[in-house]
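What follows is a short report on a single structure.
Chain A is the first sequence line, chain B the second, and so forth, proteins listed ahead of strands; every chain is numbered from 1.
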Amino acid sequence: MIYLISENNNLLASSKYISINTSKSLELIDKCVLNEIQIDTETKGLCPHLNDLLTIQLGTKNNQFVFDLTTINYLELINFLNCSDKLFIAHNIKFDYKFLLSIEVKLKNVYCTQLAEQVINNGKEEPFNLASLTQKYLNISLNKDVRNDIIINGLTEKAVIYAAEDVKHLSLIKEKQLEKVNNDYIKHSVNYLETINLENEVVKVFSLMEFNGVTLDVEKWKTITDKVSESLFKVEKDLDESVKKEPKLNKYVPKEKQLNLFDFEERDLTINWKSSKQKLSILKDLGLNIKSTGAEILQKNKKYEIVKLLLEYNKLSKLNSSFGNNILDIINKKTNKIHPDYWQIVETGRISCKNPNLLNIPSKGELGPIIRSAFTSKKGYKWVGGDYSGMELAIIADLSKDDVWVSALNNGEDLHSKLCAATFNIPIDKVKEPFPFNPSLTYRDVQKTINFGIAYGMSEFKLSDRLNISKQEALDIINNFKNNVPTVSEFLEKLARYGLRKGFIITPPPFNRIRYFSDFNNYKLNETNEKIKGSIERKSYNTPIQGMNADIIKAALINVQKEIDENNWDAEILLSVYDEINTQCIEDKAEEWKVKLEEIMISTAKTYIKNVPIKADCYVNDFWKK
DNA sequence: CAATCGTGCGCG
DNA sequence: AAAGCGCGCACGATTG
């Protein structure tokens, strides 16, 4: 049965549903709903700050309630939602949650059928939109065409029925999903229910983060981007000039330009230095034997002036395009803040971010910290942020239980230096001396490359390339490394064997996040295909480590938000970048909050990583620091 | 002319 | 570029 709660006279007379008032409907809901209730919203657009919330639908399999917010007084409904301890089930709940925030509703318990589906089929190429799930699990086809109708025509009879339909099937879908989780547990001894719970908790934090947004100091940003484009322009001219001076590149200089002494144009060459193809052709004509124009290759040919300039040009060009004034167009007209879209689950369990991507804002080099400093806390508030240090190394130590790694971290030794001394068989006080095969690096630099690289399946090809040494030398170093930390090597190889045997890999307990390898079937068809095999092996190495890191940071976000809510901190989480959590807090509490934040980050990680110490460093500032 | 692909690089 | 993992974005080149 469909119930409509509306004051719209055009709708009230239909025989297809029953019209009742809010009190009566909430009474009914309380009576017929035991512990879970399905929820959905219809809105005038995608932005909770700019577009109105039109309806809220609550429902069970048998009864659906459509609240027409455009005509009723919904205070009572708000109160009901805020106080309810029931589990609210929705598909893509982050969307609805943000719109509920706009009318000051915060649901306590939620289950998102989309997130659950993503967890269950993580890595498989299966659709997870509502229509697909309804089809797949219940063999019912949903008609989604009416959605745009609501935006154009408002609530019609057809729309009421459609809106009700959306809160009819989610409970059953949830049931089927949990059945599948249970079956997988029986079949593979993998229980990723904990991951589903984690995602359903942390989605509330991501909703808040998106809703609250981040402040960008526009004037500061413009000053920086102006400086970048000015430098870019200069380097471009220098590049043009050096082409004109180089006889080998004569063909890029038009004849008439060569003779023209009174050239008043800004540029007289037509080379597009943004074009990889043109760059490659020019560098080849200059005499370089290269196959691509990536930074790593250019770095090795810096004896050419043009290459040096090109490296500088590429850097500035990247900053100018990817981190230029485009971002200003994304600033919300109403809040004057940036509200990015988080994608909550990528294959390893990490998040991603777009419109704009706040996970790759520059932090390195001369300009990085300046660029980040344009992200500020709001007036009267301090930016309180922090990050875990060496989390992935700690995870490797914790999971492998390798004596060398574990004891180094437990004794507060420098892991890179210690391993370095072992790999190269040199005294520990000599690790910062130049690496003989490539004196621009130290032994310790080389070891760092290995520690982060080998653990993810880096081969002698890449290592030799990276360090400018022969394949044999690289191979010797790798073997030496492996012999010195055999437990780490065994641990990683075990993961690779598991991945190749099962076609999926899981992150460590308690989360046991599963990741299927979509190319596993291709591997089974031809097990000698080293390309696919190698790829699965490397993903098997990397996923548990990167994934556990992601699981932990999500748990930390949940705990930080819990602390804010339970103890009424005047603070909010602004953004989380891999192993960073950034918040803002009212000025006079900021120092206290910093201590608390650090404490929560550390204690959260400690509940999952038990064999080695965990460090987090937090700070109080006026803006984002690196 | 729009859609898609390829290259390259920002972050961890 | 097959040969370290995970992303999103911009731009040029190609395709249809």
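Using a 4.0 Å heavy-atom criterion, one finds that Y541(A) contacts no nucleic acid atom at all. K279(A) comes within 4.0 angstrom of nothing in the nucleic acid, heavy atoms only. Nucleic acid contact for A295(A): sugar-phosphate only, since backbone atoms but no base atoms lie under 4.0 Å from a heavy atom of the residue. Residue contacts shown for G453(A) include a base, since a base heavy atom lies under 4.0 Å away. Within 4.0 Å (heavy atoms only), S535(A) reaches no atom of the nucleic acid at all. Residue E347(A) is in sugar-phosphate contact alone, with no base atom involved, counting any heavy-atom pair closer than 4.0 Å across all strands shown. Residue K318(A) is classed as a base contact, given a heavy-atom separation below 4.0 Å to a base. Using a 4.0 Å heavy-atom cutoff across all strands shown, L319(A) reaches no nucleic acid atom at all.
K220(A) forms a cation-pi arrangement with F623(A), by the criterion of a distance under 6.0 Å to the ring centre and an angle within 45° of the ring axis. By the 6.0 Å and 45° rule, K124(A) stacks over the aromatic ring of Y516(A).
Phosphate proximity of dA2(C) to K462(A): absent, as no side-chain N or O sits under 4.0 Å from OP1 or OP2. A sub-4.0 Å separation between OP1 or OP2 of dC9(B) and a side-chain N or O of S322(A) is absent. For N326(A) and dA10(C), the shortest distance from a side-chain N or O to OP1 or OP2 is below 4.0 Å. Put simply, K533(A) has no side-chain N or O that comes within less than 4.0 Å of OP1 or OP2 on dA2(C). Close to dG4(C), at under 4.0 Å from its OP1 or OP2, lies a side-chain N or O of S459(A). Between dG8(C) and S352(A), a contact under 4.0 Å exists linking OP1 or OP2 to a side-chain N or O. Regarding contacts with the backbone of dG10(B), every side-chain N or O of S363(A) stays at 4.0 angstrom or more from both OP1 and OP2.
No donor-acceptor contact under 3.5 Å links the side chain of R538(A) to the base of dG4(C). Taking 3.5 Å as the limit, the base of dG6(C) and the side chain of Y578(A) contain a donor-acceptor pair of atoms between them. With hydrogens and angles ignored, a donor-acceptor pair closer than 3.5 Å exists between the side chain of N360(A) and the base of dG10(B).
Taking atom C1' in both dT15(C) and dA1(C), the straight-line distance is 25 Å, to the nearest Å. Between dA3(C) and dT4(B), the two P atoms lie 26 Å apart (nearest whole Å).
T507(A) has its side chain out of reach of Q546(A): every pair of non-hydrogen atoms, C-beta onward, lies at least 4.5 Å apart.
Of all nucleotides present, none satisfies the Watson-Crick or G-U wobble test against dG4(C) with each distance under 3.5 Å.
Between dC9(B), dG4(C), dT7(B), one nucleotide has an atom nearer to the side chain of F452(A) than all others, and that is dG4(C).
A salt bridge is absent between E580(A) and K625(A); no separation between the charged side-chain nitrogens and carboxylate oxygens falls under 4.0 Å.
Each of Q546(A) and K291(A) lies near DNA chain C, and the nucleotide nearest K291(A) is the one positioned closer to the 5' end. Residues S292(A) and I351(A) each lie close to DNA chain C; by heavy-atom proximity, the contact nearer the 5' end of the strand is made by S292(A).
Remark: D465(A), R466(A) in residues 465-481 of chain A come within less than 4.0 Å of DNA chain C through at least one heavy atom.
The closest side-chain donor-acceptor pair between W273(A) and N314(A), if any, does not fall under 3.5 angstrom.
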Please step through side-chain contact (heavy atoms from CB on, under 4.5 Å) for the pair N611(A) and K401(A), ending with a clear verdict.
CA-CA 8 Å; N611(A) 299 310; K401(A) 300 190 175 57; 3.5 Å; yes
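In summary, the aromatic rings of F435(A) and F424(A) are positioned with their centroids under 6.0 Å apart. Two rings, from Y608(A) and F511(A), have their centers less than 6.0 Å apart.
Stacking between Y456(A) and the base of dG4(C) is absent under the criterion of ring centres within 5.5 Å and planes under 30 degrees.
In this entry the distance linking CH2 of W343(A) with C1' of dC11(B) reads 20 Å, nearest Å. The distance from atom CG of N357(A) to atom P of dC7(C) is 12 Å, rounded to the nearest whole Å. Rounded to whole angstrom, the span from the NZ atom of K625(A) across to the C1' atom of dC11(B) amounts to 20 Å.
Take Q114(A) and apply the side-chain hydrogen bond (donor to acceptor under 3.5 Å, both in side chains) test, not counting sequence neighbours, and it matches no residue.
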